[in-house]
Amino acid sequence: MRGLLRAPCFSTAAALIVSGPMAAAAGEAAFSEIALQVGLDFQHFNGAKGEYYFVEVSGAGGAFLDYDNDGDLDIYLVQGARLASGPPVDGETSAPPLVDRLYRNDLEISADGSRELRLVDVTLASGIRATGYGMGVATGDYNNDGWLDIYVTNYGANQMWSNNGDGTFTDVTVETGTEDSRWSISATFFDYDRDGWLDLYVTNYTDYALASHKPCRSYTGALDYCGPLAYNPQPDRLFHNRGDGSYDVVSAASGIGLVAGSGMGVVSLDVNGDDWPDLYVANDGMENWMWVNDRDGTFTNQALLGGTAFNDQGHPEAGMGIAAGDFDGDGDEDLIVSHLNRETNTLFENVGDGFFEDSSLATGVGLPSWEFTGFGIAWIDYDNDGWLDLAVANGAVKRLETLVLRGDDSPFHQTNQLFRNLGKGRLYDASEDLGDARLLSEMSRGLAVGDFDNDGDIDFLITNDGGPARLLRNEVGNRRNWLGVRFLDATTRRPLLGTWVELETASGESLRRRVRTAGSYASARDDRVLFGLGTSGSVGRLRARWPSGRQSVWDPGVRNRYLIFVAPRPEPTAP
């Protein structure tokens, strides 16, 4: 799909040198698009040739991850593939070939704080050969060796890539037992039984196959993409980590695999505050699921009871992406789900004890999203004022007639959105802060967030269906104070996903965040937690509630730095 703003082209050996923090100028854009300038030359291929195959509008995601443990974020991007026979089209014969791509971040920071940003394509050297029709990516250390592994979901067979710790990966899908040949979209690593080993949840979409493709039409009678209700939904899959490098399929035994849905997004959170990880799943065109952990290996769907199955009108919506976070600062995690245009994105505000209410209109996020189809979505504090803001990646799945009437050859593109948190439960459409990137009108899908240049503010990785990947560098967030933290296991040194973190500010307020890599749409994020401190000159205590339920407290004593904290070792068991 086309982009209405073009960046100058640089080779992959190019670098971008940027200076450290300066005083913010009035009206200055918060972000600049730097993908090609730093060597991110990825172009997604969806295989579209005019047949309107359903799968063409669903991919694909990307990831921020530190695969080489050098302290900065690398990038993984999921690629499509050729779907049908016939002569090649643009993109099929381009170099490098159609495979997922891994880019190493060779960030260099000078003594004066200036940063040299350079990405190097290391796909070939890494040994990763992901040639399927890709959908999404999840990251986590499944074997507790201290190196992040990669799980790729596909329209077709999924893949588990084990990080060898030397810059290379090995396909261990068969050995781990994590294969799934259905159409999977999103996945998350999480430790549902709190045994210290990461389990895996995979959303499956519909039973769509090219051989059973159905022609669908828009209200004007023109050929268009079908919706999910044209095909049968599929059950999701839950894999239990055995702790020996392999997984058991426990979908049916857990209760999760006994129902079918058109799953697109998934996130792990603690719905009811009992320190056990639960799940929320966005289903496209049907009720969503809120799987509450029964603490015995089973889950109960409490979405209907908890108020998150439907919107406040009792209607199912086209759930795509999910974000969980404490946007209102009341100490629990709220949910927002991205949807089809003419539905609005839906914000489920946590009112306690596992109950939520639809606050989309009251918070101000509903009406500005009415004309957009949202996919990737994330709670982030882009201006470091301590309040979680909202970023949304947009792009249609059905032809936009306004663009068709203009003669647009790709009538699916839309601009992305940014909402600033004003506090007191209000969000304001601040998309103008995207700067020139606000003019990019594309078919956006994945949204990964993290501090790409280690300067203390959140940057964006945006993927586009049939278009280029975009890297949006935050230019203003670190002009306010911040504190970055990473939480590791004492023995394995793996990131402790699911840790609930609370930081006291100098003013006595508390900021709460959860360590996670999943959420958004088919994408993975930075596992570090970044607290925006505003103009505060100091910070108070930092508390971590580990996945085990134990707690630790520290006095960081610093700001504007990244710190690593380690969970206490388990107490020895008496003989």
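What you see is a predicted model; the values in this text were computed from it and never measured.
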For the residue pair Thr463 / His44, report whether a side-chain donor-acceptor contact shorter than 3.5 Å exists. no
Keeping [X] on the side-chain end and [Y] on the backbone end, is there a donor-acceptor pair under 3.5 Å?
X      : Y      : value
Asn46  : Asp465 : no
Arg516 : Ala524 : no
Thr363 : Ser359 : yes
Thr153 : Met135 : no
Asn474 : Asp459 : no

Note: [X]-[Y] ion pair, threshold 4.0 Å (strictly below):
X      : Y      : answer
Glu333 : Arg512 : no
Arg528 : Asp526 : yes
Arg342 : Glu371 : yes

Looking at Leu471 and Ala35, what are the two nearest heavy atoms and their distance? N-CB, 3.7 Å
Which atom of Pro495 lies closest to which atom of Asp527, heavy atoms considered: CG-OD2, 3.5 Å
Tyr205: ring-ring contact (aromatic ring centres under 6.0 Å, His included) partners, not counting sequence neighbours: Phe54, Trp183
At what distance, to the nearest 0.5 angstrom, does [atom1] of [X] lie from [atom2] of [Y]?
X      : Y      : atom1 : atom2 : value
Thr344 : Asp358 : OG1   : CG    : 7.0 Å
Arg101 : Ile75  : CZ    : CD1   : 11.5 Å
Ile150 : Leu65  : CD1   : CG    : 5.0 Å

Tyr428 ring centre to Arg420 NZ or CZ under 6.0 Å, with the angle to the axis within 45°? no
CA sep, side-chain torsions, deciding dist, call: Tyr562, Trp482, side-chain contact (heavy atoms from CB on, under 4.5 Å): CA-CA 9 Å; Tyr562 277 102; Trp482 57 276; 3.8 Å; yes
Could you check whether the rings of Phe348 and Tyr280 sit parallel, tilted or perpendicular, using 30° and 60° as the cut-offs? perpendicular
